[in-house]
Amino acid sequence: MLEIKNLHVKVGDQEILKGLDLTINTGEVHSIMGPNGSGKSTLAQVLAGRESYEVTEGEILFEGKDLLELAPEERAGEGIFLAFQYPVEIPGVANTYLLREALNSIRKYRGEEPLKHVEFGKLAKEKMDKMGMPDSLLRRSVNEGFSGGEKKRNEIFQMQVLEPRLAILDETDSGLDIDALKIVSDGVNALRSPERSFLVITHYQRLLNYIVPDFVHVLVGGRIVKSGGKELAIELEDRGYGWVEEESRQAVNN
Amino acid sequence: MSIDLEKLAEQEYKYGFFTDVEQEIAPKGLNEDTIRLISNKKEEPEWLLEWRLEAYRHWLTMKEPRWAHVKFSPIDYQGISYYAAPKKKEGPKSLDEIDPEIKAAYDKLGIPLDEQKMLAGVAVDAVFDSVSVITTFKEKLAEAGVIFCPISEAVREHPELVKKYLGFVVPRNDNFYAALNSAVFTDGSFVYVPRGVRCPMELSTYFRINAENTGQFERTLIIAEAGSYVSYLEGCTAPKRDENQLHAAVVELIAHEDATIKYSTIQNWYPGNAEGEGGIYNFVTKRGRCVGRGSHISWTQVETGSAITWKYPSCILEGDNSVGEFYSVALTNRRQQADTGTKMVHLGKNTRSTIISKGISAGHGQNTYRGLVNIGKDASGARNYTQCDSMLIGDKCGAHTFPYIEVKNSTAQMEHEASTSKIGEDQIFYCQQRGLSAEDAVSLIVNGFCKEVFRELPFEFAVEAEKLLSISLEGSVG
Ligand SMILES: Nc1ncnc2c1ncn2[C@@H]1O[C@H](COP(=O)(O)OP(=O)(O)OP(=O)(O)O)[C@@H](O)[C@H]1O
Ligand SMILES: [Mg+2]
């Protein structure tokens, strides 16, 4: 589904991703861990098409298509969804309004008819209940005045309605209380299917108890320096990142 | 793909067509004979001709004001024709008598003049250049005792009211453009709501400038007697032309005891092209007097058109406990300039006013909010709340805020909030990630920014205003 080859990315003059390789097959759940500032969000943003990140080298294929050729909204149409680490506020725009516009834009991209108000209302209500969110959050302005946890929950709620093919979750677990963590994880697990893939960025192994990944990758200094199964996450939790960095340095030197 | 907020594409102004009708146009130029001709065409009584001539003589002594934050080349007042009217036999009495070309023009503007086809509950007065071509639902309104007709008709049919109230709010010598308007005004709407009557429908006037090298000088007069209520909306469009055209209107509102007037404007005059050529100079004096205790005047405006907009719909709060409101969205894109705001003059006790202004600048647009809140010495307990927000799209545009406050009574309570923000690239990206195009994202965000104003509009027009804003923003994102 997703193939990233030798990806180099710059912000301003600073190179942040320095030759990243990653392949995600359909139906797989991958997790990325790594120290602060290692480039995890950068990767997520580049996949979503953020302008300010400049790809200087490498390629990204999504379902065989050159992702770098597509505008952000086209990528959304192709089925890429990013749950933001810091969801933005849009004053005066009802949460439900943005979501309906979003869903119908994506449907239009796929040559489907827009969803009628009533049908959309039903769909939204159903997912809302699943996420344990009060209806009032639908009518309120997008993320405005939402608590940190509500914002994260809202991202997963949007994901549920938009049903992407590849969902990228950027630290969706940060700022969630235990109950919310459970709800959010259930929301993700409910969408797990052989047709859908996930890239889960997190700092905490705890999340991976709920969303059990097929693969865990360690991103350090703009490169994936180690990959493994879910037991790698436990090891990282115990030992930190130092030893992985050390290992990779030795590998380069050898 | 790129979000280039600075790039400005030439957008299409969808109302820019010209209607080819047989016109009767006065020769260009302004002198006492021009005024006599207008007055004669309108079959006006002698007193009104005299009223006009006095205004004209006063105008001759006045200088064009230059204090607004706008730039324009001098207007040649002798190069304008002051009267243009579609040719007709008699004043149109019914729809069948209207030139089919004009009917078609209004259809194209989305304002069918056919009562059956119209929005239910909205009566329309259609003003085409210097004359009103039809007023709908007159009978229905008459049943409620409401008078809604072209002002030229009111002069003939209700002279006592016109004589009493014309110039009651905006005296002829008030300012340069008001004096000019008083001398040469051609048509506009007249509304009279009797004591205790709640006007049964929305009233609206659609102003259309069609003829070349003409000015439109309309005059609107709305009187709400004690305990009455009326909601009125005006819409404006004009063909695309390379020359600037002058639109200098005067609107006067009078609210008696416990009466409410809601006045909404959706102004979409031709804004000129990307280089700033052509477009309407919209120099307008709008003012209301809350003469009665507990009276209420509310102005809501959505200004998206015109090359230059220069207007300050104001409220004189004379009656104790009277209320004035001003809700405004002004958008300047391309080379448009707007200097707009309000004056709230508190004279009575416990008078209250609210000002909410949303300025949006894109392209090379220049947007100025200018507002005055004046609390008189007898206005104890007066309160004002002002909120003034500006949004910038791109970095070649400008937003300016000039709030003036004069307080002569120490019991006054004033609150003022202001903000200037750039439309967030992160907001646009967030919407795009969810599937919206950059352009749809901008229009969504801007419409959200204007929500507090749009919700003051009558429902049918709120939808229209949102669409209009989106269209006017086209090309602000490349
Ligand atoms: N717009 C930007 N301008 C300048 N530097 C940036 C920008 N975006 C990212 N960076 C820098 O790139 C590096 C990687 O940032 P990124 O957000 O990808 O880290 P991260 O791995 O997601 O970290 P965290 O775990 O703290 O979320 C950091 O040093 C950051 O300061
Ligand atoms: Mg991050």
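These numbers come from a predicted model, not from an experiment.
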Chain B contact via A:F81 - side chain, backbone, both or neither, heavy atoms under 4.5 Å | both
Exercise: identify the closest heavy-atom pair between B:G448 and A:V93 = CA-CG2, 3.7 Å
Distance col, row B:D426:CG vs A:F84:CZ, nearest 0.5 angstrom, shows 9.0 Å
Less than 4.5 Å apart, any side-chain heavy atom of B:Q427 and any of A:P91?
-> yes
Bottom line for A:Y97: the part with an atom under 4.5 Å from chain B's heavy atoms is side chain
Can you name the nearest heavy-atom pair linking B:C431 to A:I90, along with the distance?
-> SG-CD1, 3.6 Å
Straight-line distance of B:Y430 OH to A:E89 CD, nearest 0.5 Å = 10.5 Å
Do B:L444 and A:E101 come close enough that some side-chain heavy atom pair is under 4.5 Å?
-> yes
Nearest heavy-atom approach of A:G49 to B:F429 is C-CE1, 3.6 Å
To the nearest 0.5 angstrom, please state how far the CG atom of A:L98 sits from the CD1 atom of B:I445.
-> 9.0 Å
Take atom CZ of B:R352 as the centre, draw a 6.0 Å sphere, and report whether it contains more than 12 heavy atoms from other residues, nucleotides or ligands.
-> no
Going from CD on B:Q432 to CD on A:E74, what distance comes out if it is rounded to the nearest 0.5 angstrom?
-> 10.0 Å
Neighbour count >12 (heavy atoms, 6.0 Å) for atom NZ, B:K262 = yes
Considering non-hydrogen atoms only, spot the tightest contact between B:R434 and A:A83 and give its length.
-> NH2-CA, 4.4 Å
What distance do B:E425 atom CD and A:R50 atom CZ have between them, rounded to the nearest 0.5 Å?
-> 6.0 Å
Taking A:S52, A:S141, A:S105 one by one, which has the highest count of heavy-atom pairs under 4.5 Å against chain B?
-> A:S105
Closest non-hydrogen atoms of B:Q433 and A:A76, given as atom of the first, atom of the second and distance, are O-CB, 3.1 Å
Sort A:L99 into side chain, backbone, both or neither according to what part of it lies under 4.5 angstrom from a heavy atom of chain B.
-> neither
So, the part of A:L82 with a heavy atom under 4.5 Å from chain B: the answer is both
Answer yes or no: does atom CD of A:E113 have more than 12 heavy-atom neighbours from other residues, nucleotides or ligands under 6.0 Å?
-> no
